[in-house]
There are 2 protein chains.
Amino acid sequence: MTPVAASPLTLKLSAFVALSEAELAVLARLHGRRRTFAAGRDMGHQGQPDQAAYILSSGWVCSYKIQPDGTRQIVDFQVPGDFLGLRSVLLRTSDHSFEPIGDIQAAEVLTSDLLEAFVQTPRLAMAILWAASRDEAMVVEHLVGIGRRDADARMAHFLLELGSRLALVGIGSKEGYDCPLTQYHLADALGLSAVHINRVLRQLRESGLVTFRDGRVTFDNYSGLVDFAEFDPAYLDQTGPLLK
Amino acid sequence: MTPVAASPLTLKLSAFVALSEAELAVLARLHGRRRTFAAGRDMGHQGQPDQAAYILSSGWVCSYKIQPDGTRQIVDFQVPGDFLGLRSVLLRTSDHSFEPIGDIQAAEVLTSDLLEAFVQTPRLAMAILWAASRDEAMVVEHLVGIGRRDADARMAHFLLELGSRLALVGIGSKEGYDCPLTQYHLADALGLSAVHINRVLRQLRESGLVTFRDGRVTFDNYSGLVDFAEFDPAYLDQTGPLLK
DNA sequence: CGAACGTTTGAGCATTTTCAAAGGTGGTGG
DNA sequence: CCACCACCTTTGAAAATGCTCAAACGTTCG
């Protein structure tokens, strides 16, 4: 037990690497600059200027791209314990926007702090890069889902993936989890219309697989849902390849 | 002029960073272990064992995931000058498979060589990481395309993106380029059926925008196609953010 | 109370898929 | 050298999946 309560990020990384006292301390220090963002207010990040990354500690965020015709595609969601804009900081590249879903709390991480932390604790750096690589794998899986799964399986897979991610930071289980997304968010993430999302959710509910209602996802039949979605969490699990 | 003819990778990186003699030399050395792979023969990389990355020097490769139900989603194509399996090497992670499209030539890059090169020439490392980040941006754009563009715009955008990538390594222009892909490859990449791919191609051809025939893409009306696809190459261009 | 937002449902329509079949091409072995 | 086979392209017709338009209902918030 460190003096500071375990942050979601700490929980997540600890699931894959045993972190030393020193590493935990550095990690805790990275959480120093607490900031709050209000629901819906876009967090800049479209253009170049503010080069900051964040560690999300509570609330959800989505990263998305708007197309010239006004439609939106959500690329990824960030849940507590996830980094936000890590690539922007490391490579001064920023191609999408971020929207807080509900009010959120995040720790601002300055480039200099991050680089310093990397130098002090290379193993921590490795763990963070690994987390980034996991995010990339999720984007790939998302691509596969949109390209090759029908609407029902897409939704089922998506809800399962979110469940796994949340379970890792202690705010979800095989029973279900709280989920602040609207059906519009789901539509923009899954490449479907909001109307169709509604029908898909009804279908899954009536099949006795999952229920999404009043901000809560309930797995009515977890293993049945896993079968239906052909959900294979291998891409989320990749255990310990970084322990060189 | 170095004694060695400029490789596609050198061409690509040079478009973004002015490389020194020393850096060019290191880059040339990375191209030492030439290997050939035959068309269609899968390049392993599904499981864990062989931890090698490649620099593609001629021919095309696609990286894909197969789903339990047998359908395939192509995540990305690699063209000359692209890295292959870079992430697998750095993070011992490998989630998709590679298929050479036609016979290919690639330089095998051992983890040790790569790390050594990174230590010797940090600027080169930065350039390579930047290229990796660009690949990631392409995957994101691919996701957006599948999620939010209809079949015609999707195809148009895809052909334009490939054109830009090839132009950068000197084997394509606004006139067109040679393209070894079959309509099945296009289908698996764009998340459409092969039959529909054929109809879409006909439609684009009859609109006088692009022609894809006999292994060649011809831009019949480049700017018209750009308009139609709403193609904005910003995500490919990100010039020089890495020159700290 | 009204406004804004999110959910739910119906009906008709559009895009894309599936199934089926035919034609072209290149390579290989007899 | 020809025949055959595998692979790719092309087309039609029917079916399915998901979309758009439209409208109603519920909730929250000021």
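Every chain is numbered from 1, with letters handed out A, B, ... down the list of sequences. Computed over heavy atoms, backbone and side chain alike; hydrogens, waters and symmetry mates excluded.
- Checked against the 6.0 Å centroid threshold, B/F98 and B/Y54 do not count as a close aromatic pair.
- Note: A/F158 and A/H142 have tilted aromatic rings, judged against thresholds of 30 and 60 degrees for the angle between ring planes.
- What separates CD1 of A/I146 from C1' of C/dT16 is a distance of 17 Å, to the nearest Å.
- Here the P atom of nucleotide C/dT7 and the CD1 atom of A/I197 are 10 Å apart, to the nearest Å.
- Remark: of the listed residues A/D69, A/T71, A/D188, A/D188 is the sole one forming a side chain to side chain donor-acceptor pair (under 3.5 Å) with B/R148.
- Proximity note for B/V195 (side chain, C-beta onward) versus D/dC21, D/dT11, D/dC19: the nearest is D/dT11.
- Computed from coordinates, the B/D150 CG to D/dG18 C1' distance equals 14 Å when rounded to whole Å.
- Atoms CD (B/Q203) and C1' (D/dT10) sit 16 Å apart, rounded to a whole Å.
- Counting atom types as modelled, A/R199 pairs a side-chain N or O with a base atom of C/dG10 as donor and acceptor under 3.5 Å.
- A salt bridge links B/E141 with B/R149: at least one charged nitrogen is closer than 4.0 Å to a carboxylate oxygen.
- Heavy atoms of A/T182 sit under 4.0 angstrom from primed sugar atoms or phosphate atoms, though from no base atom.
- Between A/F231 and A/H157, the distance from one ring center to the other falls under 6.0 angstrom.
- In the set C/dG10, D/dT20, D/dT11, the nucleotide with an atom closest to the side chain of B/R202 is D/dT11.
- One interatomic measurement links the two molecules: CZ of A/R213 to P of D/dG26, which rounds to 13 Å at whole-angstrom precision.
- One atom, CG of A/L190, and another, C1' of D/dT17, lie 15 Å apart when rounded to the nearest Å.
- If you measure from atom CG of B/L186 to atom C1' of D/dT9, you get 12 Å, rounded to the nearest angstrom.
- Contact check, B/N198 against D/dT9: no side-chain N or O comes under 4.0 Å of OP1 or OP2.
- For A/Y184, counting side-chain heavy atoms from C-beta on, the closest listed nucleotide (D/dC19, C/dT7, D/dT10) is C/dT7.
- A/A194 comes within contact range of no nucleotide atom at all, as no heavy-atom separation falls under 4.0 Å.
- With distances taken from any side-chain atom of A/Q183 to the nucleotides C/dT8, D/dT10, D/dG18, the minimum falls on C/dT8.
- The interatomic distance linking A/D214 (CG) with D/dG26 (C1') rounds to 11 Å, in whole Å.
- Comparing A/F212 and B/H196 by the nucleotide of DNA chain C that holds the closest heavy atom to each, the one mapping nearer the 5' end is A/F212.
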